[in-house]
Amino acid sequence: MSKPGTPPPPQTFNPLPKIINGGIAGIIGVSVVFPLDLVKTRLQNQTIGPNGEKQYKNMLDCFRKTYAAEGYFGMYRGSAVNIILITPEKAIKLAANDMFRFYLTLPDGSLPVFRQMIAGGSAGACQIVITTPMELLKIQMQDAGRVAAQAKAEGRKFERITAMQLTRKLIKERGIFGLYKGVTATAARDVSFSVIYFPMFATLNDLGPKEPGATGPPFWWSFGSGCVAGSSAALGVNPFDVVKTRMQTLTKGSGERQYSSIVDCITQTMKHEGPTAFFKGGACRMIVIAPLFGIAQTIYYLGLAENYLGIK
């Protein structure tokens, strides 16, 4: 115990429990919302035919057709890749944000919104080393059913490949950088998302009721704060997500466009489909991100590593 009048001991930051909490939070969150994410990917990738025809009319229609064609486990196509890589991805994202917030906090203990945005954006930039290959592989697995259904309707054959086969193929053809196709679009989405999400979550979370003796608001408030901040940020950056998804889709359906760059993707999408195309899957993405970050943020702030595993 320090003597009266002596300054308190300096605060320290231990990344290990934060990384463990972020990893657990990511696994639980993505396991719950993955079917919605699959639907989001397929809606974003489908393009409108010359006569206005669509493979999926809306989110519910995509759910129905996917379930009818591929069954329950078809809704989790690509989940193995996501669950394996979401652990380091969410661990980096959540722990890095806390670390940057710690070092950007002013001597008086305050953290202005601009500094919160810098912390969030920096965390988003750190995660793309994992996010880019994870998203690239996940999208191919998720979208395979859509392309296969289109090929079947046209009487063509479509051969599915596993995530491991795709990884080997990309590395053989393009080296390790083959796994980083679409990295610029991924960075644009994740940095901008984190700039919006983390300050908004922190602000909403701080407004919550404080229980006696508790260090923060109750878990249900953190969950709600994560849902609101996550869905708001998701809608705001949805155009980046559409571009990223289309850039990272390697196997296109018949008549679907290939893109040589981000600018080419934006230009062609605007020319052929109009500005509303950049918000395809927007509602679905909001429904995905809201519970994903609500669950992840709640579990993260419960401090499983510190309170249940004894890691301080």
Side-chain angles (χ1 to χ4, degrees), residues 7-30 84-135 180 183 186-208 214-217 219 221-223 225-226 228-230 232-234 237 289 292-312:
Q11 294 286 321
T12 59
F13 180 82
N14 182 8
L16 181 58
K18 304 293 185 184
I19 290 171
I20 293 173
N21 290 337
I24 296 172
I27 290 172
I28 295 174
V30 79
I84 290 170
L85 293 181
I86 199 70
T87 305
E89 194 252 22
K90 279 292 178 285
I92 291 171
K93 187 185 191 82
L94 295 172
N97 176 66
D98 270 4
M99 181 187 73
F100 287 120
R101 288 175 68 90
F102 176 81
Y103 288 113
L104 288 170
T105 298
L106 297 173
D108 64 1
S110 65
L111 186 63
V113 172
F114 180 68
R115 289 192 170 218
Q116 293 183 45
M117 293 171 70
I118 293 175
S122 300
C126 289
Q127 76 176 77
I128 62 174
V129 66
I130 299 294
T131 306
T132 306
M134 178 185 76
E135 290 277 308
Y180 284 85
V183 64
T186 303
R189 183 200 67 172
D190 289 345
V191 171
S192 56
F193 177 91
S194 297
V195 165
I196 299 169
Y197 171 78
F198 283 113
M200 184 180 291
F201 170 78
T203 301
L204 293 173
N205 205 45
D206 287 343
L207 294 174
T215 56
F219 79 92
W221 187 272
S222 292
F223 176 79
S225 299
V228 172
S232 300
V237 305
I289 295 297
L292 174 60
F293 275 84
I295 292 168
Q297 202 76 72
T298 302
I299 292 171
Y300 184 74
Y301 273 89
L302 284 175
L304 298 182
E306 299 93 332
N307 298 326
Y308 296 94
L309 300 179
I311 301 173
K312 301 294 184 180

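Just so it is clear, the values below take in all heavy atoms, side chains as well, and ignore hydrogens, waters and symmetry mates.
- Taking 4.5 Å as the limit, some side-chain heavy atom of Tyr180 sits within range of a side-chain heavy atom of Val129.
- Note that CD of Gln127 and CZ of Phe193 are 8.5 Å apart. Values are rounded to the nearest 0.5 Å.
- Contact between Val228 and Met200 at its shortest, heavy atoms only, is O-SD, 4.3 Å.
- Contacts of Ala202 classified as side chain to side chain contact (heavy atoms under 4.5 Å, CB included), with partners at least two apart in sequence or in another chain: Arg101, Gln116.
- Contact of the Pro112 side chain with the Leu106 side chain is registered, since non-hydrogen atoms from C-beta on lie closer than 4.5 Å.
- To the nearest 0.5 Å, atoms OG (Ser194) and CZ (Phe100) are separated by 11.0 Å.
- Listed by chain and residue number, nothing satisfies the ring-ring contact (aromatic ring centres under 6.0 Å, His included) test with Phe198 (two or more places apart in sequence, or in another chain).
- Side-chain contact between Leu207 and Trp221 is present, with at least one heavy-atom pair separated by less than 4.5 Å.
- Among residues two or more places apart in sequence or in another chain, the side chain to side chain donor-acceptor pair (under 3.5 Å) test is passed with Arg115 by none.
- Looking at residues two or more places apart in sequence or on another chain, you find a side chain to side chain donor-acceptor pair (under 3.5 Å) between Ser222 and Asn205.
- Pro133 and Ile128 make their closest contact through CD-O, 4.2 Å (heavy atoms, listed as atom of the first residue, atom of the second, distance).
- In this structure, Asp190 CG and Tyr197 OH are separated by 13.5 Å, a value rounded to the nearest 0.5 Å.
- Taking each heavy atom of Pro88 and Ile130 in turn, the nearest pair found is CG-CG2, 4.0 Å.
- Residues satisfying the side chain to side chain donor-acceptor pair (under 3.5 Å) criterion with Thr186, sequence neighbours excluded, are absent altogether.
- Residues meeting the side chain to side chain donor-acceptor pair (under 3.5 Å) test with Asn97, sequence neighbours left out: none.
- We find the CD1-CG distance between Ile118 and Leu111 to be 9.5 Å, quoted to the nearest 0.5 Å.
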